[in-house]
Number of protein chains: 2
Amino acid sequence: MIQPRPRTIPEATVARLAVYLRVLSALADAGRSTVASGELAAAAGVNPAGLRKDLSHLGPCGVRGVGYEVPTLRDRISRVLGVERSRACVLVGIGNLGSALADYAGFGSRGFEFVGLFDAAEARIGQPIGGLTVRPIEELEDVVTATQASIGVITTPAEVAQSVCDRLAAAGVRSILNFAPVTLAAPEGVDVRKVDLSVELQVLAFVGQQRLVPAVGEPA
Amino acid sequence: MIQPRPRTIPEATVARLAVYLRVLSALADAGRSTVASGELAAAAGVNPAGLRKDLSHLGPCGVRGVGYEVPTLRDRISRVLGVERSRACVLVGIGNLGSALADYAGFGSRGFEFVGLFDAAEARIGQPIGGLTVRPIEELEDVVTATQASIGVITTPAEVAQSVCDRLAAAGVRSILNFAPVTLAAPEGVDVRKVDLSVELQVLAFVGQQRLVPAVGEPA
DNA sequence: AACCGCTTGTGAACGCAGGAACAAAGTCGC
DNA sequence: GCGACTTTGTTCCTGCGTTCACAAGCGGTT
């Protein structure tokens, strides 16, 4: 009575599955019926063997000698990632970045729906963005409770990010995506994922400069 | 005649160094003179031993029994990451996200300076953002050549991202940060780093839902 | 001057992700 | 109906990143 497929999928694999899903959707729209691991891997920018290993976490879903059936695989990944269920998200901090996210159409098709936009600045409140209206931060707890939102996105200045995080966690949000350049502390059971745009640039620049100076005394 | 310190610093370490730098700057502003690895690690959200190993790539820079001198360590990391030198960047695609990045003050203090904002839409051209004016995409090559920009940021729709990437690479850009939801192909010598916002959300949601179903028959 | 506590830096072990190679399996052609 | 080719799924292995644990070193104290 053992489950043949362990419930845990590595995080790195999950991230790639999301990429495969996007490629598969494009292929399906283009009318392709099947695709081999080599082609799919090339389109996703990964190694074919790694791709097959990623897909093996979903159980056998390809046909040997042929490849993968595009719509079937797409639906399978969608189901595993939980794309078909709609997830309620709230977004706090409607500055430039927050506005960009609220307006980004790509989230809706991935199962995410913003149900509340919040800001502390008077000037922002009432502003319509992406079909919603910016509300005062005071209403945060009420909306989270009423909508059962489980995901919160923080795009506030760094100074207030921790307090927003505390309020989100207290209101019942279980997952937080943080764009503010601070490391947040959250209670047990709430996990925080950080995206730091300036760190990304910094790493990019560093590997670029590192490549220009291969090694002293060993010019490859 | 071996170099005691290999020139290569792991990418994961570089990303964390950028975080330490931010924490150290805040500590320096607050007037702290020294800090121990434990406190610094807690503020950065990492393991103390890992932090010390990261710093060991810079050579010995702490005092045993005391800790790290805050301004000294900050300057050391700044020098390694190349923060003091100004790097010219161009940004293509001035939609919501592009505008947010162009306006973000955090880049300037990390050594990055936008020298050109480009868009294909007539309506955007001429619009002032963050001290610059949006220019037509046709001028991309001229500006990259004139400014010797080595970093390009792509925030265009997915459909045109590859062609923008090609043009950037051909114009001499060595590093590209891609926010468009496609996997880009670039020539040898040009490296591309991808930030996919919807993938981040997807991963966040998945680990959240995975945590709710720990394992069938073994409720931790 | 010697001791003691504190902290760094490093060496070793563990776990994990990534890549290559191989066997199983299904399809197409004859 | 049978053989050969193609492609998947899996296994092994190598390398890297992370964590734990300990020795070395410095400051403060008596």
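Chain A is the first sequence line, chain B the second, and so forth, proteins listed ahead of strands; every chain is numbered from 1. Basis for what follows: all heavy atoms, side chains included, without hydrogens, waters or symmetry-related copies.
- Of the possible donor and acceptor atoms, none in the side chain of A:Arg52 sits under 3.5 Å from a partner among the backbone N and O of A:Asn47.
- With A:Asp54 contributing its side chain and A:Thr13 its backbone, the two residues share no donor-acceptor pair below 3.5 Å.
- Here the side chains of B:Lys194 and B:Thr183 are in contact, with some heavy-atom distance below 4.5 Å.
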B:Glu69 vs B:Arg74, salt bridge (Lys or Arg N to Asp or Glu O under 4.0 Å): CA-CA, chis, key distance, verdict: CA-CA 8 Å; B:Glu69 210 171 329; B:Arg74 178 196 51 178; over 6 Å; no
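- Put simply, CG on B:Leu51 is 13 Å from C1' on C:dT7, counting in whole angstrom units.
- Counting to the nearest Å, the C1' atom of C:dA25 and the CZ atom of A:Arg52 are 14 Å from each other.
- With rounding to whole Å, A:Asn47 atom CG is found 19 Å from D:dC13 atom P.
- In this structure, B:Tyr68 places its OH atom 18 Å from P of C:dC6, rounding to the nearest Å.
- The shortest distance between the side-chain N/O atoms of B:Ser37 and the OP1/OP2 oxygens of C:dT8 is below 4.0 Å.
- Applying the 4.0 Å criterion to OP1 and OP2 of D:dG17, one finds that B:Arg16 has every side-chain N and O outside that range.
- Backbone-only engagement by A:Ala36 is indicated by non-hydrogen atom pairs under 4.0 Å involving sugar-phosphate atoms exclusively.
- Counting non-hydrogen atoms under 4.0 angstrom, B:Gly62 reaches the backbone sugars and phosphates but no base.
- For the pair B:Arg32 and B:Glu39, the salt-bridge criterion is met [side-chain N within less than 4.0 Å of a carboxylate O].
- In this structure, A:Leu55 atom CG and D:dT8 atom P are separated by 9 Å, rounded to whole Å.
- Checked by distance alone, A:Arg64 brings a side-chain donor or acceptor within 3.5 Å of a matching partner on the base of D:dT8.
- Between the CD atom of B:Glu39 and the P atom of C:dC6 there is a distance of 16 Å, given to the nearest Å.
- Distances from the side chain of A:Ala12 to the nucleotides D:dT8, C:dG18, C:dT10 place C:dG18 closest.
- Computed from coordinates, the B:Lys53 NZ to D:dC20 P distance equals 12 Å when rounded to whole Å.
- In this structure, CD of B:Glu11 is placed 16 Å from C1' of D:dT18, rounded to the nearest angstrom.
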